[in-house]
Q: 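Just passing along the structure, written as structure tokens.
Counting convention: from 1, in listed order, for ligands and their atoms alike. Here, residue 1 is the first one in the sequence, and each next residue gets the next number.
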Amino acid sequence: MPHRVRDYGAGRTWELIAVAVLRIPDENRSLREHDEVRDYLAGIGIDYEHWECPADLTSDASADQVLSAYSEQVEKLKRQGGYVTADVIDVNADTPGLDAMLAKFNIEHTHDEDEVRYIVAGRGLFHIHPQHGPVVAIEVEAGDLIRVPRGTLHWFDLCGDRRIRAIRLFQDKSGWTPHYTSSGVDRNYEPVCLGPRYIPPQTAAK
Ligand SMILES: [Fe+2]
């Protein structure tokens with residue numbers, strides 16, 4: 001996943017900011033600028049934001065510590081979307097039953113409630129099949145917030161490292177049962193993650 005580089009001027013302080021990659025396979029193109037990704041997704045009804053991760057949140061933080069670190073943002077989202085509960089999902093390659101879990105969500109489906117995920121660690125790949133326009137693949141990683149509204153056709157894959165930790169928000173957990181379309185559309189798209197990439201400041205600077 002590419003990184004945007006900010007130049008703060010005289011101090012020449014560089015900050016690397018992860019930016020989600022949005023691919024449109026049917027048009028053989030990708031969007032890599034944060035605002036372009038956000039605006040394209042907004043045009044197909046998907047909310048996307050990038051929050052900076054708190055510097056004091058360690059990789060071994062408990063679920064409660066994660067929720068506490070993001071309490072301000074989580075409460076804001078709850079107010080905006082009518083979400084009543086939040087939890088933290090944490091899976092990795094060693095998680096028992098991981099393949100069975102993934103098999104529930106890597107084929108085209110909808111839910112009766114929004115799918116809201118803030119990625120704390122790891123990566124994942126959402127495919128969105130909008131009502132109008134081509135299928136898009138959005139690769140999310142730490143700092144990315146995505147809201148897939150209820151009724152949206154979509155599917156989800158982990159990336160090669162099979163690791164993701166994310167805050168989930170729910171209006172009603174029972175509404176999160178997948179409804180499968182059996183369209184087979186998902187089989188037309190490879191679950192390809194581009195992975196972390198690094199743009200050295202000297203080549204990104206003007
Ligand atoms: Fe889903």
Side-chain angles (χ1 to χ4, degrees), residues 1 20-25 37-38 40-50 63 66-67 70 74 77-78 80-93 95-193:
M1 190 167 289
V21 178
L22 184 146
R23 287 185 295 113
I24 309 168
V37 170
R38 181 200 59 205
Y40 189 97
L41 288 173
I44 57 172
I46 308 297
D47 290 338
Y48 167 76
E49 296 176 29
H50 186 87
V66 170
L67 289 172
Y70 291 100
V74 166
L77 286 170
K78 282 182 175 176
Q80 288 174 338
Y83 311 113
V84 295
T85 60
D87 70 7
V88 178
I89 185 169
D90 193 350
V91 300
N92 59 54
T95 299
L98 179 59
D99 286 329
M101 188 189 306
L102 291 174
K104 291 182 183 175
F105 302 113
N106 68 4
I107 51 179
E108 189 178 70
H109 63 275
T110 64
H111 303 284
D112 290 335
E113 77 160 59
D114 301 348
E115 184 163 331
V116 186
R117 300 289 180 268
Y118 173 75
I119 314 303
V120 177
R123 289 178 296 134
L125 185 69
F126 282 91
H127 277 89
I128 309 292
H129 184 182
Q131 279 190 321
H132 304 287
V135 167
V136 303
I138 175 80
E139 183 177 333
V140 291
E141 71 168 22
D144 289 331
L145 169 76
I146 187 167
R147 186 179 74 89
V148 180
R150 67 185 70 186
T152 303
L153 300 173
H154 69 284
W155 60 97
F156 176 81
D157 293 275
L158 284 181
C159 295
D161 53 7
R162 291 162 66 83
R163 164 84 172 116
I164 199 161
R165 191 174 205 200
I167 297 174
R168 308 186 297 183
L169 289 136
F170 299 96
Q171 290 141 337
D172 175 355
K173 280 192 180 179
S174 66
W176 200 53
T177 305
H179 302 301
Y180 300 110
T181 65
S182 303
S183 70
V185 166
D186 46 272
R187 291 198 291 271
N188 297 332
Y189 298 90
E190 287 290 320
V192 176
C193 292

Q: Give me the ring orientation class for Y70 and Y118: parallel if the planes are under 30° apart, tilted from 30 to 60°, perpendicular past 60°.
A: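 Y70 and Y118: tilted rings.
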Q: How about the Fe ion (ligand 1), which protein N, O or S atoms come within less than 2.8 Å?
A: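 Counting only protein N, O or S atoms under 2.8 Å from the Fe ion (ligand 1), the list reads H109 NE2, H111 NE2, E115 OE1, H154 NE2.
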Q: Can you check whether H111 and H179 have ring centres sitting under 6.0 Å from each other?
A: no
Q: Which disulfide bond (SG atoms under 2.5 Å apart) pairs, counting each pair once, include a residue from residues 104-154, with sequence neighbours left out?
A: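 Matches after skipping sequence neighbours: none remain.
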Q: Does D90 have any side-chain hydrogen bond (donor to acceptor under 3.5 Å, both in side chains) partners at least two apart in sequence or in another chain, and if so, which?
A: R163, R165
Q: Can a donor-acceptor pair be found, under 3.5 Å and without considering hydrogens, that links the side chain of R147 to the backbone of L77?
A: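 Here the side-chain-to-backbone pair does not exist.
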Q: Could you give all pairs that pass the disulfide bond (SG atoms under 2.5 Å apart) test and reach residues 114-153, with sequence neighbours left out?
A: none
